[in-house]
Amino acid sequence: MTEDTKLLRIAIDGPSGAGKSTVAKLIAKEYDIDYVDTGAMYRAMGLKILREGIACEEGEELDNLLESTDVDYSNWRVYLDGEDVSDLIRTEEVSKIASDCSAIKAVRSKLDSIQKRIGRTRSVVMDGRDICTVVMPDAEHKFYITATAEERARRRYNELIGKGQEADYEKVLEDINKRDYNDMNREVNPLRIDEEAIVVDTTEMNIDEVVAFVKSLIEDKESKN
């Protein structure tokens with residue numbers, strides 16, 4: 001990368017189920033730049049912890065595992081120690097461990113450093129819980145994508161039913177509210193709205209409308225620079 005190369009870095013934060021990953025992927029395709037799913041990186045770490053059979057808690061055992069672990073996200077796939085684990089990390093078991101370990105300072109520090117390196121070196125759309133605030137605080141474009149808990153629960157419920165899985169709306173809503181509380185109240189890098197981020201409430205919007213709106217904001221700012 002030369003000194004005068006202009007990077008396009010788009011940071012997206014938001015609560016679970018707001019549609020930020022879908023928006024991020026579509027925006028990345030619109031601009032033909034890399035997309036990084038930080039949630040998938042935490043899931044990969046959760047898979048490693050599950051495979052090694054260690055406790056997801058602070059201590060020497062976890063520190064040693066983190067030191068010998070490499071996680072990368074490239075070409076829309078997540079790699080754990082060089083292995084493509086994109087299709088192995090979508091189980092409920094891995095999701096639970098990923099959620100637990102994401103609150104641990106050593107785990108966040110490890111993945112934050114990897115994500116920061118990616119964000120410094122290439123044009124990218126990155127989504128997660130602390131991208132605007134911690135990982136890419138100097139990103140050219142910052143967004144906080146959200147929706148009401150009820151709407152996010154409805155979307156998740158319909159997704160599960162569409163996949164032929166059993167689901168209970170009230171349980172899904174309970175899980176969404178619990179995840180929000182944990183994300184916003186964890187000790188390390190809690191979910192919050194960055195003061196420079198543009199809040200996009202998608203409750204009354206479909207995905208095409210959200211993408212068009214975000215893209216218009218990006219292009220308006222780019223035209224002024």
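Index from 1, following the sequence. All figures in this text were calculated on a predicted structure; none of them were measured in a lab.
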Return the NZ to OG distance between K6 and S123, rounded to the nearest 0.5 Å.
8.0 Å

Counting C-beta onward and ignoring hydrogens, is there a side-chain heavy-atom pair between L80 and R51 closer than 4.5 Å?
yes

Rounded distance (nearest 0.5 Å) linking atom CD of E150 with atom OH of Y169:
5.5 Å

For I27 and V214: C-alpha separation, side-chain torsions, deciding distance, then whether side-chain contact (heavy atoms from CB on, under 4.5 Å) applies.
CA-CA 8 Å; I27 290 293; V214 170; 4.0 Å; yes

Please say whether more than 12 non-hydrogen atoms of neighbouring residues, nucleotides or ligands are located less than 6.0 Å from CD in Q165.
yes

Heavy-atom check, side chain of L47 versus side chain of R43, under 4.5 Å
no

Taking atom types as modelled and ignoring hydrogens, do the side chains of Y31 and E219 form a donor-acceptor contact shorter than 3.5 angstrom?
yes

By the definition side chain to side chain contact (heavy atoms under 4.5 Å, CB included), identify the one residue from T22, D13, D201, T202 that meets it with I145.
T202

Does any part of the side chain of F143, heavy atoms only, come nearer than 4.5 Å to the side chain of I10, both counted from C-beta?
yes

Side-chain heavy atoms under 4.5 angstrom apart, residues restricted to Ile, Leu, Val, Met, Phe, Trp, Tyr: same cluster for L111 and W76?
yes

D175 bridged to R179 by N-O distance under 4.0 Å
no

Inspect the surroundings of CG in D220 and state if more than 12 heavy atoms from other residues, nucleotides or ligands are less than 6.0 Å away.
yes

Mind checking whether I118 and L7 sit in one hydrophobic cluster, side chains of I, L, V, M, F, W, Y counted as touching below 4.5 Å?
no

Can you tell me how far the CE atom of M41 sits from the OH atom of Y79, to the nearest 0.5 Å?
12.5 Å

Only distances under 3.5 Å count here; give the side-chain donor-acceptor pairs of residues 127-135 to other protein atoms, sequence neighbours excluded, each with its distance to 0.1 Å.
| from | atom 1 | to | atom 2 | distance (Å) |
| --- | --- | --- | --- | --- |
| D127 | OD1 | Y35 | OH | 2.7 |
| D127 | OD2 | S21 | OG | 2.9 |
| R129 | NE | D183 | OD2 | 2.8 |
| D130 | OD1 | R108 | NH2 | 3.4 |
| D130 | OD2 | R108 | NH2 | 2.9 |
| D130 | OD2 | N189 | ND2 | 3.3 |

Assess the residue pair E159 and R155 against the criterion (salt bridge (Lys or Arg N to Asp or Glu O under 4.0 Å)); give the C-alpha distance rounded to whole Å, side-chain angles, the decisive distance to 0.1 Å, and a yes or no.
CA-CA 6 Å; E159 179 186 2; R155 293 172 185 174; over 6 Å; no

Which atom pair, heavy atoms only, marks the closest approach of L50 to E93?
CD1-OE2, 3.5 Å

Under 3.5 Å, side-chain donor or acceptor atoms of residues 61-68 against the rest of the protein: list the pairs with distances, not counting sequence neighbours.
| from | atom 1 | to | atom 2 | distance (Å) |
| --- | --- | --- | --- | --- |
| N64 | ND2 | E60 | O | 3.3 |
| S68 | OG | N64 | O | 3.3 |
| S68 | OG | L65 | O | 3.2 |

Heavy-atom side-chain contact between K221 and L217 under 4.5 Å
no

If you apply the rule salt bridge (Lys or Arg N to Asp or Glu O under 4.0 Å), what do you find for E52 with K48, and how did you get there?
CA-CA 6 Å; E52 295 295 320; K48 178 70 173 280; 5.1 Å; no

Tell me, do V85 and R77 make a side-chain contact under 4.5 Å, heavy atoms counted?
no

For salt bridge (Lys or Arg N to Asp or Glu O under 4.0 Å), just list the numbers for D138 and R9, CA-CA rounded to whole Å, side-chain angles, deciding distance to a tenth of an Å, and then say yes or no.
CA-CA 9 Å; D138 59 345; R9 297 173 303 167; 3.5 Å; yes

Is it the case that the side chain of T203 and the backbone of A147 share a donor-acceptor pair, with hydrogens and angles ignored and the cut-off at 3.5 Å?
no

Non-hydrogen atoms of L88 and V94 that approach each other most closely:
O-CG2, 4.0 Å

Within this structure, what is the CG-CD1 distance for the pair L8 and I33, rounded to the nearest 0.5 Å?
4.5 Å

Considering all heavy atoms, the nearest E209-M205 contact
OE1-CA, 3.3 Å

Run the side-chain contact (heavy atoms from CB on, under 4.5 Å) check on I104 and C56 step by step: do they pass?
CA-CA 8 Å; I104 296 177; C56 191; 3.7 Å; yes

Is there a donor-acceptor contact under 3.5 Å from the side chain of K142 to the main chain of I198?
no

Contact check, side chains of V210 and N206, non-hydrogen atoms, under 4.5 Å:
no

V71 and I54: same hydrophobic cluster, using ILVMFWY side-chain contacts below 4.5 Å?
yes

Considering non-hydrogen atoms only, spot the tightest contact between R186 and L191 and give its length.
NH2-N, 4.2 Å

Let me check something: do M184 and L173 share a hydrophobic cluster, defined by ILVMFWY side-chain heavy atoms less than 4.5 Å apart, either directly or through other members?
no

Look up atom NE2 in H141 and atom CE in M136, then write down how far apart they are to the nearest 0.5 Å.
10.5 Å

Any ion pair linking D37 and K20 (charged N to carboxylate O, less than 4.0 Å)?
no

So, does K110 use its side chain to make a donor-acceptor pair with the main chain of T69 at under 3.5 Å?
yes

Salt bridge (Lys or Arg N to Asp or Glu O under 4.0 Å), that's the test. Do D112 and K116 meet it? Break it down for me.
CA-CA 6 Å; D112 280 349; K116 286 178 180 179; 5.6 Å; no

Group every Ile, Leu, Val, Met, Phe, Trp and Tyr by side-chain heavy-atom contacts under 4.5 Å, then state whether V107 and V36 land in the same group.
yes

Counting heavy atoms not belonging to N185, are there more than 12 under 6.0 Å from its CG?
yes

Can you confirm whether the side chains of D72 and S74 place a donor and an acceptor under 3.5 Å from each other?
no

Of T146, D180, N177, the residue whose pairing with R152 passes side-chain hydrogen bond (donor to acceptor under 3.5 Å, both in side chains):
D180

Check whether any side-chain heavy atom of M126 sits under 4.5 Å from a side-chain heavy atom of Q115, and report yes or no.
yes

Minimum heavy-atom separation for Y42 to C101, with atom names?
O-SG, 4.3 Å

Just checking K105: does its NZ atom have more than 12 heavy atoms from other residues, nucleotides or ligands closer to it than 6.0 angstrom?
no

Taking every heavy atom of A40 against every heavy atom of Y73, the minimum-distance pair comes out as CB-CE1, 3.9 Å

To the nearest 0.5 angstrom, please state how far the CD1 atom of I114 sits from the CG atom of D70.
5.5 Å

Do the charged groups of E174 and K171 touch, with an N to O distance under 4.0 Å?
no

